[in-house]
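Scroll down for the structure; my scribbles are underneath it.
Order of the sequence lines sets the chain letters (A, B, ...), proteins ahead of strands, with each chain counted from 1. Reckoned from all heavy atoms, side chains included, excluding hydrogens, waters and symmetry mates. All values derive from a computational prediction rather than experimental measurement.
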Amino acid sequence: MRVTVNGEPQDIEPGTTIRAFLEARDIDIRRVAVALNDHIVPRERLGDTRLADGDVLEIIRVVAGG
Amino acid sequence: MRVTVNGEPQDIEPGTTIRAFLEARDIDIRRVAVALNDHIVPRERLGDTRLADGDVLEIIRVVAGG
Amino acid sequence: MRVTVNGEPQDIEPGTTIRAFLEARDIDIRRVAVALNDHIVPRERLGDTRLADGDVLEIIRVVAGG
Amino acid sequence: MRVTVNGEPQDIEPGTTIRAFLEARDIDIRRVAVALNDHIVPRERLGDTRLADGDVLEIIRVVAGG
Amino acid sequence: MTKQAQPQAHGQPEDDRLTIADRTFSSRLFVGTGKYPSFETMVKAIQASGTEMVTVAVRYMNLDNPGAESVLDYLAPLQCHLLPNTAGATTVKQAVRMAHLAREATGTNWIKLEVIGDDRTLWPDTAQTVEATRVLVEEGFVVLPYTSPDLVAAIRLEEAGAAAVMPLAAPIGTGQGLLDWVGIRRIVERVSVPVVVDAGLGVPSDAAKAMEMGVDAVLINTAIALAQDPPKMAAAMKYGVVAGRQAYLAGRMPVRDEASPSSPAAGVIRETAAAGS
Amino acid sequence: MTKQAQPQAHGQPEDDRLTIADRTFSSRLFVGTGKYPSFETMVKAIQASGTEMVTVAVRYMNLDNPGAESVLDYLAPLQCHLLPNTAGATTVKQAVRMAHLAREATGTNWIKLEVIGDDRTLWPDTAQTVEATRVLVEEGFVVLPYTSPDLVAAIRLEEAGAAAVMPLAAPIGTGQGLLDWVGIRRIVERVSVPVVVDAGLGVPSDAAKAMEMGVDAVLINTAIALAQDPPKMAAAMKYGVVAGRQAYLAGRMPVRDEASPSSPAAGVIRETAAAGS
Amino acid sequence: MTKQAQPQAHGQPEDDRLTIADRTFSSRLFVGTGKYPSFETMVKAIQASGTEMVTVAVRYMNLDNPGAESVLDYLAPLQCHLLPNTAGATTVKQAVRMAHLAREATGTNWIKLEVIGDDRTLWPDTAQTVEATRVLVEEGFVVLPYTSPDLVAAIRLEEAGAAAVMPLAAPIGTGQGLLDWVGIRRIVERVSVPVVVDAGLGVPSDAAKAMEMGVDAVLINTAIALAQDPPKMAAAMKYGVVAGRQAYLAGRMPVRDEASPSSPAAGVIRETAAAGS
Amino acid sequence: MTKQAQPQAHGQPEDDRLTIADRTFSSRLFVGTGKYPSFETMVKAIQASGTEMVTVAVRYMNLDNPGAESVLDYLAPLQCHLLPNTAGATTVKQAVRMAHLAREATGTNWIKLEVIGDDRTLWPDTAQTVEATRVLVEEGFVVLPYTSPDLVAAIRLEEAGAAAVMPLAAPIGTGQGLLDWVGIRRIVERVSVPVVVDAGLGVPSDAAKAMEMGVDAVLINTAIALAQDPPKMAAAMKYGVVAGRQAYLAGRMPVRDEASPSSPAAGVIRETAAAGS
């Protein structure tokens, strides 16, 4: 199953939740914002939102800036 | 019959054309622009446009400005 | 006997020392500089310097300034 | 016989006038100012002023400048 | 799309014409007609300025005095182009309406577009000015909008079809000169239509400085009209504009940090002959 | 003793001559002859400038090349006055000596006096310049000293008999413009001999600004000689000087804090007829 | 609606708090977190600055390096408010989206709104910024928009509900200082929400000058981050802001045209005693 | 002989002392005592300023009121150094005499030397100031001469033995700020004794700007004494001086022509997910 994450294609297991996807990559979910198909997924919903084929996922972090 | 000219009420004879109205006041029609009820009346139509009761007439001239 | 003090004529007793002159006017000698006939009189010499007729005395104080 | 001209030593014939010195070098005397041993020699005197051993001659011209 | 800040010197001045839309100008000075002590003085000043285009306004006629002298009677013999303005407008709708009436009254489709956003400073509302430009360009007007020195506003005006952009130097009528000259220069560097500095210039050195930066023309009213001697000041402005333009074409010397003598360093005359060698 | 910063406008430009000592000038632009790419370009620039007086320097002749072209060959046909300078002098004695030699070489008793106090910035030593002025005036020279924008130095130069005072705008050859224009204006207000701004001007707007403050003339060299097109820049400077002078005579509008419209406040056209009354 | 340019001196500095929306600040210096040589230096600089609010940006995570250190790890101990920005946005839609994501990522509804209209100069598009402000305010954000020194844009931002307006001093990252300080002052005089000067300040005197004009706070990033010693410069900026604010509250002396001695005119000591009377 | 305009950042502020002759100062702000509304206000302002040296003048005592309060009664508890001046002197002789009397009256051999050349502007006569410096240094005084921003005058003062040079920012008492800041900077770059900017500063940003250029200290009187709240303005000046000094030590960012974002260029969030690459 293929999804797009931050503009790049990624193959993942069907049924994967966003939270699982992030934790598998050691991403601290308290430090990111996530949008799925253009809609923001609140942090507390990441664990029960499953990715589907063709989904577009965006993972945003805070960086230094002026 | 009463019309409004440049914001002021004026009593005029029924059937008066704009041109007649202007000429009666010594206004050179080649030097003005005229709007009747918010629509510009081209100079060549001033002679055949008759004022009606309640009409709103605007007479504009060129002045010095920056 | 007449001397000039800060540009003004003053009559004083012959034999008056500068110190006596100053103290008679409640002037604190630790706070002034004194010139007699264009020469500065050091503070410690004020008590043994006597004024003579025609002397020109200048008494200078410190004032606020920028 | 040796003279100094504009800071450089030059060997010349005894008895040479300044005018002769200049003309021998194609220098237009109407366009220069000349000083001999620190004194200016007026143009009309160049012809009768002879150089002597050890003389210091300065030849000045007008140049472009601001 | 971008103009050079320092062009190679080129051509003769007589070839140095300014083209805006369909008109070509020899003079890069436009002049306003307001505020003169008399129409006679205005005429003399316009003549002295050498301008080829003057601004006028449109207003309701005062019907109590319909025979009042018209500025047009004085301007007609001068053979200048007219540039009517929308001075006084504060909304798109009002500005567009004034443009229509001005076209009817003057016969020209050129319009100096003003949409004021703040009454006290007469600062333009650039967002509405962009919108009004779009409307009027669509209707066939040649639009010269008065704007602030805001770069993006100028870019948007160009995109909306403005025939030129006219950033202000300082608030109208103040004569404070080029307050934000860096802002004006930024516009000159980024916009491809002509840039005309409008409003706030006070003296010819202001006009010259604007032209030296590559501004294409300037529009001056108060600084001439309220000078003690308006015709003489008009001539002064003419020369200032020419000076600045010629300097722009001539290519200025680079500014240097270090002093450098104008006379030769070699051969300096000594204090005394004896000091020689 | 004091000049007006803003005179009543007066007279025609043709009557507006500048007199320094025994010479009267129609042009208020003096031009230096150094640093041009060629004598031919220099001649064209001088002609384009309209100047009536040019500066020259005096130097030891290079005896290895005595027949080198003279700048005088090029200047002679131009009918300009010559103003020889003492450029390179750093002491009173040296400056005085250069003045003597310059007088002999050029036949004029006019001298642009320079006594430099700092080699890197070419800043004048005003104390020595005052002293040299005193000496040369006594000897019958017409002395035009180059000075800093220091007010008291300018006053002392006038007291010493200077025919004019020539404060610098910026260090020689930098083109930085009027760095301390307040200083220059202070001199204009307090000195009664003509004030000529010398050195550092870069563009015509600089020259115009100086003239608008009441400066009597400007002297320009590098900004013309090192422009990409020196004759065109010379013309630009001519116009800039005329512009500034005319503006000074015309009497500028007062600078205002508050905006004020150029078009009438009354009779502004409404957004819609219905809005009427 | 209008603030005083020169208030009566009042209160003690400890009472002089700045309130924006629901937050109150003792420090009037906000600091950006970009461009530091290291996070450690950033932390030291933030501490030295005494700031209570720092800006951050939001970006796509680089999935090739998801464990990269987070700026938040360094900021967390500092107890500063976060002010996320929309840097990089060029449209209303993009800015609004970035604001949403920033809110989710940081937990604050405060947003520094940037909508850039020109990539080269990073000049704001004020029309779109007004529109984005309207949208975000409606959604409950506390919006602090970055804007140009254009007066009417600032007024429109206030009307749209901005909690403060943040005009630029000079283009972002240039350190050129207050280019159009008259424009900034105009905004201060006409807008009633706090004015924060953002972008382009280079040195503490720039910050002090802004504060002296009545600006409520300044936001500085590059001038600290790219100083040779960022923590020391951060302290310098802190002092500059305090100096300017205190001076504003203290009420400056009026500028005078004429000199006036600081020491008494009477009783001046004569050259010689003999000169007496 | 020459100081760096931009030193490597170094040391801690507590190590950053200023030494003039035999005195070392932690504060780089000197304060004048004239013109305060009352001695009480003066004392509070001096305390708030953190200064370690204050100026005073000497005058003939008024014999009609010999018991008048002395400024010294108020200054004594403050533990500041006294710097008596020669304000009012217009000749070398008068200034030297005032210095002698000041030394006798105050017990210090430090003297702020003023020799005024023009009564209206209080402009210094630099030539006489150099001469008086020479005389007083020979007599063992520590001489701090007030001078103009003229470079060569400053060099001559250093050569004459001045312990510091004190160029004016603007005419005394005007608060006009750094009129010829380029002139001041030129002096900083070329003189090796401390440079103290004296006279004409109006606000802390003026003081900070001077310090950022490498000036060693500033002397302020009128701008504090005539502020609406002198003690608060004194504190503001203290912070302004510290800010400027710290910035000088920190090494400012280079000014850049081109904008440069403070937030990362990479990873900017797209308008919509669908827009994804």
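Contact annotation: the side chain of Glu114(E) approaches that of Tyr146(E) to within less than 4.5 Å [non-hydrogen atoms, C-beta and beyond].
In terms of heavy-atom pairs under 4.5 Å with chain F, the best-connected choice from Pro231(E), Gly267(E), Ala234(E) is Gly267(E). Ranked by heavy-atom pairs under 4.5 Å with chain E, the first of Ala236(F), Ala265(F), Gly173(F) is Ala236(F). Interface remark: of the candidates Met233(F), Gln176(F), Arg97(F), Arg97(F) forms the most heavy-atom pairs closer than 4.5 Å to chain E. When Ala199(E), Ser205(E), Ala95(E) are compared by the number of non-hydrogen pairs under 4.5 Å with chain F, Ser205(E) comes out ahead. Of the residues considered (Pro230(E), Ser262(E), Gly34(E)), Ser262(E) shows the highest number of contacts with chain F, using heavy-atom pairs under 4.5 Å. Per-residue heavy-atom pair counts under 4.5 Å with chain F were compared for Ala227(E), Ala208(E), Pro204(E), Gly88(E), and the maximum is reached by Pro204(E). The greatest number of non-hydrogen atom pairs below 4.5 Å with chain E, out of Pro254(F), Pro261(F), Ala87(F), is found for Pro261(F). Contact tally against chain E (heavy-atom pairs below 4.5 Å) for Pro264(F), Ala89(F), Gly244(F), Ala210(F): the top residue is Pro264(F).
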Item to check | Chi angles and distances behind the side-chain contact (heavy atoms from CB on, under 4.5 Å) call for Arg59(F), Met98(F) | outcome: CA-CA 9 Å; Arg59(F) 288 289 181 271; Met98(F) 286 171 82; 3.7 Å; yes
Checklist entry - For Asn221(F) and Phe30(F), what are the C-alpha separation, side-chain angles and deciding distance, and is it a side-chain contact (heavy atoms from CB on, under 4.5 Å)? => result CA-CA 9 Å; Asn221(F) 189 339; Phe30(F) 305 139; over 6 Å; no
Next on the checklist: Is there a side-chain contact (heavy atoms from CB on, under 4.5 Å) between Val196(E) and Val218(E)? Walk through the geometry before answering.
Outcome noted: CA-CA 5 Å; Val196(E) 182; Val218(E) 300; 5.5 Å; no
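Contact annotation for Val58(F): both backbone and side-chain heavy atoms come within less than 4.5 Å of a heavy atom of chain E. For chain E, the nearby part of Asn85(F) is the side chain; its heavy atoms alone come within less than 4.5 Å. Only the side chain of Leu101(F) comes within contact range of chain E, judged by heavy atoms closer than 4.5 Å. Using a 4.5 Å cut-off between heavy atoms, Ala266(F) touches chain E through its backbone atoms (N, CA, C, O) alone.
Here Leu75(F) contributes atom CG and Ile46(F) contributes atom CD1; the two are 5.0 Å apart, rounded to the nearest 0.5 Å. Atom-to-atom distance recorded for Arg252(F):CZ and Leu249(F):CG is 15.0 Å, nearest 0.5 angstrom.
A salt bridge does not link Lys209(E) to Asp206(F): none of the charged nitrogens lies less than 4.0 Å from a carboxylate oxygen.
Heavy-atom neighbours of Tyr239(E) OH from other residues, nucleotides or ligands within 6.0 Å: at or below the threshold of 12.
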